[in-house]
Amino acid sequence: MAESRANHTVSVSGWAAHDSSGKITPYSFKRRQNGVNDVTIKILYCGICHTDLHCAKNEWGITMYPVVPGHEIIGEVTKVGTNVKGFMEGDRVGVGCLAASCLECHHCKTDQENYCQDLQFVYNGIFWDGTITYGGYSQIFVADYRYVVHIPASLPMDAAAPLLCAGITVFSPLKEHDLVATAGKRIGVVGLGGLGHIAVKFGKAFGHHVTVISTSPSKEPEAKQRLGADHFILSSNPKQLQAARRSMDFILDTVSAEHSLSPILELLKVNGTLFLVGAPDKPLQLPAFPLIFGKRSVKGGIIGGIKETQEMLEVCAKYNITSDIELITPDKINEAMERLAKNDVRYRFVIDIANAVTSNNN
């Protein structure tokens, strides 16, 4: 698709990867002028998602360099287009993974634009004007208002940033399975990372019995004492797995590394559901016997639509749920990426864009 950059005249300072080394360096580029349906946002914070690392290193083979990552964007509106509804200058807003969709298909018209086949992402996507999208590792963002959400006043903006990806990714399947409004179920969370720790917070806030399933025994005190999980299963311990067979109604699997589904499926009750939100780079083996002998289901999903994302943020404000974060300045992005690759973060890095030093050298 040919690019049309005639109206891309807004100079922006940001941070980008230029090759598969994944090294992030300062980068100056142009964004489009604020259009009639656009809001311009002064970015204050941007979360670092594991997807950013994959894309910066081209681990999925789809990166268009230079790539400016970042799809957990929080900031303030500085300009509003003439057709924009519901936003005004000074509003606290967020932008997640979505930059554009067709607006006409069944999914778009039923607030499921995240499943539109023409979906384009906030970075490394192709916008309606044919240009490659650049993400939130930058100081200014221009977004179509239909893909922007309000940040409730009670939520701290830095710790709210990861909710725009990690938060909605785990909220959406919980809502789909009636686990937001209905309490008293037994749910499992596989993996206690950036997604998993928010899922535990949601599960407890919604009144469920929550079990964390992890390969790391060191995470048991964190899961129980700090996050309030009711139970912990070490997935490498056959006795613990056996004791918990057929005990759970729903399991949310947040792990992005290769792992076996068979022992996890056996933890589900008859008619239970395993929902995958992690994205391993190798295909997972799906054993037949745990499915057919338990009438179990395996599903998957990505993020949520804009309406659902706004609902999730309001729920987070109601229950005072935010991500546990480590706040960094842009000159520490590469260090954070290295630690993220080692799962050395509790539980999400957030870049303090507002306090960036433009002369930094990553």
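Positions are given from 1 along the sequence. These numbers come from a predicted model, not from an experiment.
- Among pairs with a residue in residues 82-106, those fulfilling side-chain hydrogen bond (donor to acceptor under 3.5 Å, both in side chains) read S101-Y147, at least two apart in sequence or across chains.
- Counting heavy atoms from C-beta outward, I126 and T131 have side chains that stay 4.5 Å or more apart.
- Here ring-ring contact (aromatic ring centres under 6.0 Å, His included) pairs that include residues 209-262, with residues two or more places apart or in two chains, are H177-F250.
- Classification of E113 and R146 as a salt-bridged pair fails, no side-chain N sitting under 4.0 Å from a carboxylate O.
- Screening residues 334-356 for ring-ring contact (aromatic ring centres under 6.0 Å, His included), with sequence neighbours left out, gives H197-Y347.
- Pairs of residues two or more places apart, or lying in two chains, that qualify as ring-ring contact (aromatic ring centres under 6.0 Å, His included) and include a residue from residues 83-105 are F87-H150.
- Residue pairs meeting the side-chain hydrogen bond (donor to acceptor under 3.5 Å, both in side chains) criterion with at least one partner in residues 39-53, sequence neighbours excluded, are N34-T40, H50-H54, D52-Y123, D52-Y137.
- For E258, there are no side-chain hydrogen bond (donor to acceptor under 3.5 Å, both in side chains) partners, not counting sequence neighbours.
- By the side-chain contact (heavy atoms from CB on, under 4.5 Å) test, P156 is found to be paired with D158, A159, T322, residues two or more places apart in sequence or in another chain being considered.
- In terms of the side-chain contact (heavy atoms from CB on, under 4.5 Å) criterion, residue partners of D249 (sequence neighbours excluded) are, by chain and number, K185, R186, K269.
- Every pair tested for salt bridge (Lys or Arg N to Asp or Glu O under 4.0 Å) that includes a residue from residues 233-242 fails, sequence neighbours excluded, so the list is empty.
- Partners of D352 under the side-chain hydrogen bond (donor to acceptor under 3.5 Å, both in side chains) rule, at least two apart in sequence or in another chain, are N355.
- Judged as a side-chain contact (heavy atoms from CB on, under 4.5 Å), and not counting sequence neighbours, the contacts of S28 are S13.
- Annotation: side-chain contact (heavy atoms from CB on, under 4.5 Å) contacts of F121 (sequence neighbours excluded): C97, L119.
- A donor-acceptor pair is defined here as one N or O able to donate and one able to accept, closer than 3.5 Å; no such pair exists between the side chain of Y145 and the backbone of G81.
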